[in-house]
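Written out below as structure tokens is the structure these notes cover.
Side chains are part of it too, since the values below use all heavy atoms of this structure and drop only hydrogens, waters and symmetry mates. The structure presented is a predicted model; accordingly, all values stated were derived computationally and were not measured.
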Amino acid sequence: MARPLRDRDGLTASVVTVPTPDGPFTIIAGSAVLASGWTEDPAGLLALIHPGLRPGRLEEAPSGSAPGALAQALPALEAYYDGELGAPAQVPVLQRSGPFRERAWEVLRGIGPGRLVSYAEYAALCGSPRAVRAAAGACAFNAAALFVPCHRVARADGSLGGFRYGLATKQSLLAREGRRAQEVDAEYSPRRWR
């Protein structure tokens with residue numbers, strides 16, 4: 001069910017919750033995804049949105065409509081679970097914070113499916129190799145899960161670290177991406193062409 005939101009500037013945003021293999025997934029979007037994650041609680045997601053972007057209220061929307069970025073986000077979510085693991089990276093996302101965190105979220109979008117980096121590697125990719133805690137903070141404050149894939153960052157010792165939606169969900173996402181990456185590698189392996 002999609003419900004539009006009216007933000008403080010009078011722009012319209014919407015919220016929708018859909019079932020996924022990893023549980024209910026909620027997306028809040030206007031012209032871009034503002035927040036998303038494996039939850040049925042839109043209020044919890046609203047709290048993650050920067051105050052300057054946060055919609056002011058929820059309103060019911062006509063059923064069956066997918067306004068704004070939801071028209072891209074919902075098919076991308078479905079495509080992801082159908083094996084097109086890069087589909088969420090094509091959906092516009094809007095988050096606000098300080099310069100490092102905004103840069104870090106853009107860097108996360110460039111970490112492809114099937115790739116897992118440590119927090120230290122992530123900090124280096126952000127251009128600040130010593131900013132490991134700041135890189136971890138960018139993951140922790142990421143409001144747009146899956147569209148900004150913070151699940152692809154883990155601890156240097158190989159353990160998964162944290163994930164707002166639970167380690168079981170993070171493990172499931174990484175396993176799904178790892179399986180698909182292995183399938184693609186096997187399909188295009190040079191040995192296959194010999």
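- Between Asp22 and Ser172, the side chains place a donor N or O and an acceptor N or O closer than 3.5 Å (distance only, hydrogens not considered).
- For Phe141, the CZ atom sits in a loose shell: 12 or fewer heavy atoms of surrounding residues, nucleotides or ligands are nearer than 6.0 Å.
- The minimum heavy-atom distance linking Phe100 with Ala135 is given by the pair CE2-N, 3.7 Å.
- With a 4.5 Å cut-off on side-chain heavy atoms, Cys150 and Trp105 do not count as touching.
- Using the six-membered ring where Trp is involved, Phe25 and Trp38 have ring planes that are perpendicular, over 60° apart on the 30 and 60° scheme.
- With hydrogens and angles ignored, the 3.5 Å screen pairs no side-chain donor or acceptor of Glu40 with any backbone N or O of Pro24.
- For the pair Ser118 and Arg155, the minimum side-chain heavy-atom distance is 4.5 Å or more.
- The two atoms that bring Leu174 and Arg152 nearest to each other are CD2-CA, 4.2 Å, heavy atoms only.
- A continuous path of hydrophobic side-chain contacts links Val148 to Leu74 [ILVMFWY only; heavy atoms under 4.5 Å].
- Between Leu77 and Val18, the closest side-chain pair of non-hydrogen atoms falls below 4.5 Å.
- With respect to Arg115 and Glu177, no salt bridge is recorded, no charged nitrogen being found less than 4.0 Å from a carboxylate O.
- Side-chain N or O atoms of Thr26 include one that pairs as donor or acceptor with a backbone N or O of Thr39 at under 3.5 Å.
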With side-chain contact (heavy atoms from CB on, under 4.5 Å) as the test, would you mind laying out the steps for Phe147 and Asn142 before giving the verdict? CA-CA 10 Å; Phe147 300 101; Asn142 173 32; over 6 Å; no

